Number of protein chains: 2
Amino acid sequence: MVVDDADDGGLSRLFHALSDPTRRDILRRCAHGDQSVSRLAAEYPMSFAAVQKHVTVLERAGLVSKRRRGREQLVRTEPDALAKARRALDELEALWRGRVERMSALLAQESPTPRPPAQGLRHCEEHTEAHTDEQDPRKGPES
Amino acid sequence: MVVDDADDGGLSRLFHALSDPTRRDILRRCAHGDQSVSRLAAEYPMSFAAVQKHVTVLERAGLVSKRRRGREQLVRTEPDALAKARRALDELEALWRGRVERMSALLAQESPTPRPPAQGLRHCEEHTEAHTDEQDPRKGPES
DNA sequence: ATCATCTACAACCATTTGGTTGTAGGTTAG
DNA sequence: CTAACCTACAACCAAATGGTTGTAGATGAT
């Protein structure tokens, strides 16, 4: 979206490509085994050109690549792009966990032993009420 | 997109929400510590209403939740949604790896010992040329 | 009570998306 | 060569997105 090229290394294009059920299904089919565009097109209730556009979106996102075989074009999924998206999500989750760890550390240091200090990086079921006190109190606008 | 409700358990909405740099940045800031909407809005070169819309998109995707504190609304990231997205990606990668394993098994059974039969589920660097023979040869169109 | 702040929401606009049809270029089969 | 098939791409259209401004409701501070 309005992201011309290298704003974020294509992450936006990547997630956008993944945000359509048809495109995700194309990825599934191609992950199972390379498919020609026309074979893919036969699977969906839309025109050949529409499927072609979906493949183009996937291709520009780096999620698939095409290679000729005779007169058809085989579509193959490109797992590196998947991995990139997953890494982005991992980064976010790591940030969140980092915050939780910080909070746990604070709690552990204020009260004697509310719980062992989060040793295993587990998913942390309880949302640990109490807003982190991160936000500085009422800092006037910088005007 | 045209996906009104339960087409895929909100996966499309999820990835769509993640497909915008501003929204990903909001997630980052909120993962670090809950932020009020106006505080978030002050960080971006766009109107308050625009940021509000972004937060709404994130909220409808399940990526954040809001909770009142006085007159402000604190935005917090919801890691379960992140996990859901990651699981979807994992499923795709698993499909792809499954295919690679199938191919490796075929190769291993046709020639004596090209390599030990892919014991560890490693990422499989080489793209293993040769199209899987999956596609049945020239099946005429069903018309 | 009054004022400043934070939020919600509607109306509007430019651009993009997802879909269509139609035309044209290569490849393989007969 | 001719016919059938697969692909590429342009032109067009309805709907959704991402942004704007403006108005109005709550809440907190003076």
Side-chain angles (χ1 to χ4, degrees), chain A residues 1-5 7 12-26 34-61 64-75 131 135 137-143, chain B residues 1-5 7 12-26 34-61 64-75 131 135 137-143:
Chain A
M1 295 59 177
V2 82
V3 294
D4 37 274
D5 196 48
D7 67 320
S12 295
R13 250 173 302 175
L14 230 179
F15 282 120
H16 168 68
L18 288 167
S19 75
D20 184 280
T22 302
R23 287 196 286 264
R24 287 196 303 276
D25 198 70
I26 290 178
D34 299 6
Q35 302 281 327
S36 76
V37 181
S38 55
R39 177 174 282 279
L40 283 171
E43 300 288 341
Y44 304 100
M46 63 184 80
S47 68
F48 175 85
V51 174
Q52 209 176 13
K53 282 191 182 183
H54 280 305
V55 171
T56 298
V57 170
L58 289 169
E59 192 178 20
R60 295 204 49 202
V64 306
S65 61
K66 292 191 287 191
R67 80 188 270 276
R68 295 209 76 86
R69 187 189 46 170
R71 63 183 161 186
E72 39 191 25
Q73 196 93 259
L74 294 189
V75 180
H131 22 71
Q135 56 284 351
R138 221 57 70 236
K139 189 188 68 181
E142 61 287 357
S143 64
Chain B
M1 297 57 175
V2 81
V3 296
D4 37 273
D5 195 48
D7 67 318
S12 296
R13 250 174 303 175
L14 229 179
F15 282 121
H16 168 68
L18 288 167
S19 75
D20 184 280
T22 302
R23 287 196 286 263
R24 287 197 303 275
D25 198 71
I26 290 178
D34 299 6
Q35 302 280 328
S36 75
V37 181
S38 55
R39 176 173 283 280
L40 283 172
E43 300 287 342
Y44 304 102
M46 63 183 80
S47 68
F48 175 85
V51 174
Q52 208 176 12
K53 281 191 182 180
H54 281 304
V55 171
T56 298
V57 170
L58 289 169
E59 192 178 19
R60 295 204 50 201
V64 306
S65 61
K66 291 191 287 191
R67 81 188 269 277
R68 295 208 76 86
R69 186 187 47 170
R71 63 182 160 187
E72 40 191 22
Q73 196 92 256
L74 294 189
V75 180
H131 21 70
Q135 58 286 351
R138 220 58 74 239
K139 189 188 69 179
E142 61 287 0
S143 64

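It should be emphasised that the depicted structure is a prediction, and the values quoted were computed from it without experimental measurement. Letters A, B, ... are given to chains in the order of the sequence lines, protein chains preceding strands, and every chain is numbered from 1. When reading the values below, keep in mind they use all heavy atoms of this one structure, side chains included, and skip hydrogens, waters and symmetry mates.
In this structure, the CZ atom of B:Arg68 is 11 Å from the P atom of D:dA26, given to the nearest Å. Remark: P of C:dG18 and CG of A:Leu18 are 12 Å apart, rounded to the nearest angstrom. Regarding A:Leu58, its CG atom lies at a distance of 14 Å from the C1' atom of C:dT17, rounded to whole Å. Between A:Leu74 atom CG and D:dC6 atom P there is a gap of 12 Å when expressed in whole angstrom units. For A:Gln35 and D:dT7, the CD to C1' distance is 16 Å, given to the nearest whole Å. Between A:Glu72 atom CD and D:dA8 atom C1' the separation is 16 Å, expressed in whole Å. If you measure from atom CZ of B:Arg13 to atom C1' of D:dA16, you get 14 Å, rounded to the nearest angstrom. Taking atom CZ of residue B:Arg71 and atom C1' of nucleotide C:dT5, one finds them 4 Å apart after rounding to whole Å.
The two residues B:Val55 and B:Val64 have their closest heavy-atom pair at O-CG2, 4.1 Å.
With C:dT5, D:dT7, C:dT7 as the candidates, the nucleotide lying closest to the side chain of A:Ser36 is D:dT7. Among the nucleotides D:dT7, D:dG18, C:dC6, the one closest to the side chain of B:Asp20 is D:dG18. Ranking D:dG18, D:dC6, D:dA8 by closeness to the B:His16 side chain, first place goes to D:dG18.
Within the structure, every side-chain polar atom (N or O) of A:Ser38 is placed at least 4.0 Å from both OP1 and OP2 of D:dC5. OP1 and OP2 of D:dT27 both lie 4.0 Å or more from every side-chain N or O belonging to B:Arg69. One finds no side-chain N or O of A:Gln52 lying less than 4.0 angstrom from the OP1 or OP2 phosphate oxygen of D:dT7. Under 4.0 angstrom from either OP1 or OP2 of D:dG18 there lies at least one side-chain N or O belonging to B:Arg23. Checking the phosphate oxygens (OP1, OP2) of D:dT7, no side-chain nitrogen or oxygen of A:Lys66 falls inside 4.0 Å. Phosphate proximity of D:dT17 to B:His54: absent, as no side-chain N or O sits under 4.0 Å from OP1 or OP2.
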- Could you give me the CA-CA distance, side-chain angles and deciding distance for B:Glu43 and B:Asp25, then say whether side-chain contact (heavy atoms from CB on, under 4.5 Å) is met? CA-CA 10 Å; B:Glu43 300 287 342; B:Asp25 198 71; 5.9 Å; no
- Query: Taking it one step at a time, do A:Val37 and A:Phe48 satisfy side-chain contact (heavy atoms from CB on, under 4.5 Å)?
  - Reply: CA-CA 8 Å; A:Val37 181; A:Phe48 175 85; 3.8 Å; yes
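Evaluation of the salt bridge (Lys or Arg N to Asp or Glu O under 4.0 Å) test over residues 45-56 of chain A, restricted to residues two or more places apart or in two chains, returns none.
Among residues two or more places apart in sequence or in another chain, the side chain to side chain donor-acceptor pair (under 3.5 Å) test is passed with A:Thr56 by none. In terms of the side-chain contact (heavy atoms from CB on, under 4.5 Å) criterion, residue partners of B:Ser36 (sequence neighbours excluded) are, by chain and number, B:Ser38, B:Arg39, B:Glu72, B:Leu74. Judged as a side chain to side chain donor-acceptor pair (under 3.5 Å), and not counting sequence neighbours, A:Ser47 has no contacts.
Between the axis at the start and the axis at the end of the helix from C:dA1-D:dT30 to C:dG30-D:dC1 there is an angle of 30°, using five pairs per end and rounding to 10 degrees.
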For nucleotides 20-22 of chain C, which of its nitrogen or oxygen atoms have a protein nitrogen or oxygen under 3.5 Å away, and what is each distance?
from   : atom 1 : to      : atom 2 : distance (Å)
C:dT20 : OP1    : A:Ser47 : N      : 3.3
C:dT20 : OP2    : A:Ser47 : N      : 2.8
C:dT20 : OP2    : A:Ser47 : OG     : 2.6

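In this structure, B:Tyr44 OH and B:His54 NE2 are separated by 9.0 Å, a value rounded to the nearest 0.5 Å. Of the inter-residue distances, the one linking B:Thr22 atom OG1 with B:Leu58 atom CG reads 10.0 Å to the nearest 0.5 angstrom.
The residue B:Thr22 sits apart from the nucleic acid: no heavy atom pair falls under 4.0 Å.
Test B:Lys66, B:Arg23, B:Arg13 against B:Glu59 for salt bridge (Lys or Arg N to Asp or Glu O under 4.0 Å) and you get one pass: B:Lys66.
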